[in-house]
Amino acid sequence: MSAPSPRKQHEASHSNFIRQIIEADLMAGKYARRKWNGKPGSAFSLHNAPTDPAKIRTRFPPEPNGYLHYGHAKAICLNFGLARDYGGGCHLRFDDTNPAKEETEYVDSIREAVKWLGFSWEDPGGNRNEYYASDYFEYLYQFAEELVRRGHAYVDSLSAEQMRALRGTLTEPGKNSPYRERPVEENLKLFREMHLGRFADGEHVLRAKIDMASPNINLRDPAMYRIRHAAHHRTGDHWCIYPTYDWAHGVSDALENITHSLCTLEFEDHRPLYEWFNERLAEDWTGYDGVKRPGLLQQPLPRQIEFARLNVTYVVLSKRKLIQLVEERHVDGWDDPRMPTLVGARRRGFTPEGFRLFAERIGVAKADSWIEFSILEDCMREHLNEAAPRRVAVLDPLKLVIENYPEGKEEECEAPNHPHKPEWGRRKLRLSRELWIEREDFSESPPKGYFRLFPGNRVRLRYGYIVECIGYDKTTDTVRCTYDPDTRSGTPGAEKVKVKGNIHWVSAKDSFAAEVRLYDRLFKVPHPGAGDSELVPDLNPDSKKLVTAQLEAALKGARPEEQFQFERHGYFTADRVDSTAR
RNA sequence: UGGGGAGUCGCCAAGCUGGUCUAAGGCAGCGGAUUUUGAUUCCGCCAUUCGAGGGUUCGAAUCCUUCCUCCCCAGCCA
C-alpha cells in the first residue's frame, strides 16, 4: 500500500570512472573469453581451461609488512565491492617480494581484517583465491630468462650509486650502462649464476632494456631482480634473488587473470612499465633459430587503473608516522583505539558496516582530496544508531537524594532497549532514594539557557518521576530534591507537569562502578605533521580519558565487542582486549 | 626547465558522446515539525555557477586555446 519513501527512491549516483571502464569492458565483451582453471598460470597452462566464470577479477594486494588502516579499508571496499557488483572475484594477494621486510604475523592480521570488513576472496567458481607474489617466483624467473633471451633484459654490474649517477635527472636523459650491450649468452650465464647464489648482495642486478633517455624515469632500464641473501617468510632460503615490485606485480596480475588492477595515483607513471613487461611476455617471438614461440601470458592483459588514495583530516596514515606513534609510545600499540589501524578502529567501536558506508559515501576519483574525519565518525554513528541497544551510564557521578522518597523503597521503571524498535523489548531500572546523576546535569548557578537541574528548577528523571531541586549540600556533595509522585512516566497524569529537562540516572544501590575510556581524536589539528613539521606537537593531549562511571545493572554481563549507546552520551564498546567488568 | 596526473558549493562527488545543467546526491550548515536522549526521525533552504582568460557554437561544466594552482616521479621500497 505505501510507496517507498521518496528519499530511498533516488539513491545517490554510485557512478565513478572505474565503474564506467568496467561497464564499457563488459559491454564490449573484452574479457569474456578468458580461460581459468582455478589456478594462476601462463597462457600455456590455461590453454585448455574452461571459460572464466568470473566476469571480472580484481585484487587487494597488501604487502605483509604492517597493519592495515583506513586507507586499506577504502581499497578493500573498492576492490571487493566491484567484484561483488559485477559478478566477479577479488583475490587476496600478499605482495611479498621483499624478504627483508615481510612477516607471517602480518599475513594473519591482514586476512582477519579483510574478513572482519565483511569480504570473502572466494570467487563464483568456488576458488579460494588467496595468493602470494612469492607463489610466482618460479614463473617470474623463467619469464625473466625468456626476456633475457629475447634481448629485453640484461645483467648490469654497476653499483647502486653508479646506476643512480647514470640514471640522469628529471630533466636530463640518462646514459647507458657500459654493461648494457652484453651478449645474450653472457647475460643468461650471469643471471643463472645470480640465481645459483654465486654473487654477493648488490654485485649484479637484472635490468629491463628499455630506454635510458625516456622522459619517464621508470622506463630508464628499471631493475627486475636484485640479489638478497635473505630468508623469505614463505620460500625460506630457496631464493637469493628477488623480483622488484614493477617486475612482479603486473605478471602476478596477469597470471591470476586479473582484469582491472586498481592502485593509487603514485603508480600512474609506472603504468607504461606495467604494460611493457606484460606486452613483451604476451607477444609471440621468433627466435634466432627461426622457431616461433607463442606468447607466455593469456590475453587480454590486465589493465591498471589508478585512483586517489585516502586522506582523512586529523588522521595520519603514512607508515612512517604510524610507526613513530607506536615506537615513541604516544599510543598504547598498533591496536590502540585511537590508531587509524583497522585493529584499532575495531577496539574503538568502529564497525564493518560503518566502513562500507564510508567507502560508498566518499566515492572514488582521481583528484587528491581530504575527507573530513567527522564523515567517518558519522558513518559509524549511522550504523550504531540502528544497531546499538540503549543503556544508562553516569560517567561523572554526582549523588542526588530524593528527600521525600521513603528510605528503603524501590520501584521498577521500564526503559525501551531502542526508542524506534519496540520489538527489542524493555528492561527495568530500579529507582530508589539515592541516585547518581551526571555532574554536568546540575548547576548551582546555571548559565543562560541551561534547562537541567538547578535550585528551584524541575526536571524529569528519564523513565521516572519529575523532581524539583531544593538545594545542594556542599559538605556531602549531594543534590537535594523532592519528587512529585503523580508524575511517573507512563502513568496517567504523568504529563500534567511539563518540564524541558530530562536527565538520566542510575540507582546508587543497583548500579555498579566500571572503568570507561573516552577517546577523542588523536590529533588536534586537521593536517598533523603537515609538510615536514613535527608530529608530536600536534597530538591532542586529551585523546584518552579514563573515568570511573556508574553503569546500570543490565550492563553487567556485557560481552567483549558488544556495543551500546549510553543515552545522551554516545556509543561505547566493551573492549575485546581489555574489559574487566566489575 | 622533463614526464605523468588533478582542479565542479565549507568537505566529498555525479555530470564531461555540447541543449533536459539557472549543475545530481551525500556530509556539514541554516530554518521548522515531531520527540521522555539539547540525540534520532521528518520537512524546507543551501553553486545563474563549474581554477582564470580567450575562442568555436543559436547554445559549453562539457569542444579548441592560452595561462594559473596543486599533486606524483630521479629505491637494487611497495
Side-chain angles (χ1 to χ4, degrees), chain A residues 5 7 10-17 61-63 65 95-98 100-102 133 156 158-160 163-165 167-174 201-207 214-220 222-228 241-246 248-249 263-272 306 308 313 319 357-358 360-379 381-382 385-386 390 392 415-416 418-420 449-452 460-464 466 489-490 494-495 499-504 526 565-570:
Chain A
S5 101
R7 207 212 195 180
H10 50 79
E11 293 240 322
S13 165
H14 286 209
S15 173
N16 62 52
F17 75 104
E63 184 186 12
N65 72 342
D95 212 342
D96 55 354
T97 54
N98 188 344
K101 297 166 60 181
E102 294 134 6
D156 200 344
L158 252 27
S159 69
M163 229 185 255
R164 189 182 320 124
R167 187 152 31 231
T169 68
L170 294 178
T171 52
E172 305 156 26
D201 287 8
E203 226 176 301
H204 303 285
V205 41
L206 185 75
R207 287 230 257 175
S214 173
N216 181 345
I217 290 181
N218 296 299
L219 263 19
R220 319 240 263 230
M224 294 170 64
Y225 270 102
R226 47 329 195 180
I227 300 173
R228 288 269 185 290
I241 56 171
Y242 290 93
T244 56
Y245 165 86
D246 283 312
H249 202 89
C263 62
T264 43
L265 257 23
E266 66 268 30
F267 292 102
E268 251 167 341
D269 43 19
H270 290 239
R271 190 179 347 117
E306 311 83 13
T313 57
K319 187 159 285 170
L357 180 62
F358 177 68
E360 203 174 285
R361 194 165 278 179
I362 63 178
V364 46
K366 297 193 73 159
D368 297 304
S369 61
W370 282 86
I371 308 294
E372 291 170 351
F373 185 58
S374 60
I375 293 189
L376 216 207
E377 296 176 309
D378 281 333
C379 289
R381 284 195 202 100
E382 192 161 320
N385 180 43
E386 287 297 310
R390 312 291 126 124
V392 180
H418 191 112
H420 306 313
Y450 190 86
F451 54 77
R452 284 110 95 191
R460 178 172 289 285
L461 293 176
R462 201 161 160 73
Y463 310 122
I466 285 174
S489 287
E495 302 304 316
V499 291
K500 188 131 191 271
N502 194 312
I503 68 172
H504 64 274
Q565 183 199 81
F566 289 172
E567 291 202 40
R568 302 213 298 133
H569 282 305

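Just so you know, these numbers use all the heavy atoms, side chains as well, and skip hydrogens, waters and symmetry mates. Order of the sequence lines fixes the chain letters, A, B, ..., with proteins taken first and strands second; residue numbering starts at 1 for each chain.
- When the nucleotides C76(B), G5(B), G3(B) are ranked by their closest atom to the side chain of Asn216(A), G3(B) comes out on top.
- For His420(A) against U40(B), a side-chain-to-base donor-acceptor contact under 3.5 Å is present.
- Backbone-only engagement by Ile371(A) is indicated by non-hydrogen atom pairs under 4.0 Å involving sugar-phosphate atoms exclusively.
- Contact annotation: Arg381(A) does not reach the phosphate of U37(B) (side-chain N/O to OP1 or OP2, under 4.0 Å).
- Here the side chain of Tyr245(A) is nearest to one of A6(B), A78(B), C77(B), namely A78(B).
- Note on Tyr242(A): nothing from the nucleic acid sits closer than 4.0 angstrom, heavy atoms only.
- Listed pair Arg361(A) / A13(B) fails the phosphate criterion, with no side-chain N or O lying under 4.0 Å from OP1 or OP2.
- Met163(A) comes within 4.0 angstrom of a nucleotide base, judged by non-hydrogen atoms across all strands.
- Closest to the side chain of Ser369(A), out of A13(B), G3(B), U37(B), is A13(B).
- The shortest non-hydrogen separation linking Asn218(A) to Asp269(A) is ND2-O, 2.9 Å.
- Among the atoms of the strands shown, base atoms are found under 4.0 Å from some heavy atom of Gly449(A).
- Residue contacts for His270(A): at a heavy-atom cut-off of 4.0 Å it reaches a base atom on one of the strands shown.
- Side-chain N/O atoms of Arg207(A) include none lying less than 4.0 angstrom from OP1 or OP2 on G75(B).
- If you take atom P in A24(B) and the same atom in C16(B), they sit 15 Å apart, rounded to whole Å.
- Across all strands shown, Thr169(A) has heavy atoms under 4.0 Å from base atoms, whether or not it also approaches the sugar-phosphate.
- Residue Ser214(A) places none of its side-chain N or O atoms closer than 4.0 Å to OP1 or OP2 of G3(B).
- Judged by closest nucleotide on RNA chain B, Lys366(A) is the one of Lys366(A) and Arg462(A) placed further toward the 5' end.
- Proximity of Arg568(A) to the phosphate of G38(B): a side-chain N or O atom is located under 4.0 Å from OP1 or OP2.
- Judged by closest nucleotide on RNA chain B, Ala367(A) is the one of His249(A) and Ala367(A) placed further toward the 5' end.
- Within the shown strands, nothing qualifies as a pairing partner of U20(B) under the Watson-Crick or G-U definition with both distances less than 3.5 Å.
- Among the heavy atoms of the strands, none lies under 4.0 Å from Gly174(A).
- Within the 4.0 Å cut-off from OP1 or OP2 of G15(B), at least one side-chain nitrogen or oxygen of Ser15(A) is found.
- At a cut-off of 3.5 angstrom, the base of G4(B) holds no donor-acceptor pair with the side chain of Arg271(A).
- Listed pair Arg226(A) / C77(B) meets the phosphate criterion, a side-chain N or O lying under 4.0 Å from OP1 or OP2.
- Both distances falling under 3.5 Å, in either a Watson-Crick or a G-U wobble arrangement, occur for no nucleotide opposite A78(B).
- Using N1 to N3 plus N6-O4 or O6-N4 for Watson-Crick, or N1-O2 and O6-N3 for G-U wobble, each under 3.5 Å, G7(B) pairs with C68(B).
- Here the nucleotide nearest the side chain of Pro215(A), chosen from G3(B), U40(B), G38(B), is G3(B).
- Within 4.0 Å (heavy atoms only), Gln565(A) reaches at least one base atom of the nucleic acid.
- Judged by distance alone, with hydrogens and angles left aside, Asp269(A) brings a side-chain donor or acceptor within reach of the base of G3(B), the pair sitting under 3.5 Å.
- Pair assignment for A60(B): none, as no Watson-Crick or G-U wobble contacts are both less than 3.5 Å.
- Base pairing annotation: G2(B) forms a Watson-Crick or G-U wobble pair with C73(B), both donor-acceptor distances under 3.5 Å.
- With C76(B), A28(B), G5(B) as the candidates, the nucleotide lying closest to the side chain of Glu268(A) is G5(B).
- The side chain of Val205(A) approaches C76(B) more closely than any other nucleotide in the set C77(B), C76(B), A14(B).
- Arg164(A) comes within 4.0 angstrom of sugar-phosphate atoms only, judged by non-hydrogen atoms across all strands, and of no base.
- Relative to the side chain of Ile362(A), the nucleotides A74(B), C12(B), G2(B) differ in distance, and C12(B) lies closest.
- In this structure, Ile466(A) reaches neither bases nor backbone, as no heavy-atom distance under 4.0 Å exists between it and the strands shown.
- Base pairing of G44(B) is made with C30(B), judged by Watson-Crick or G-U wobble geometry with both donor-acceptor distances under 3.5 Å.
- Taking the six-membered ring for Trp and thresholds of 30 and 60 degrees, Tyr245(A) and Phe267(A) have ring planes inclined between 30 and 60 degrees apart.
- The listed nucleotides are C76(B), C73(B), A78(B); the one nearest the side chain of Asp95(A) is A78(B).
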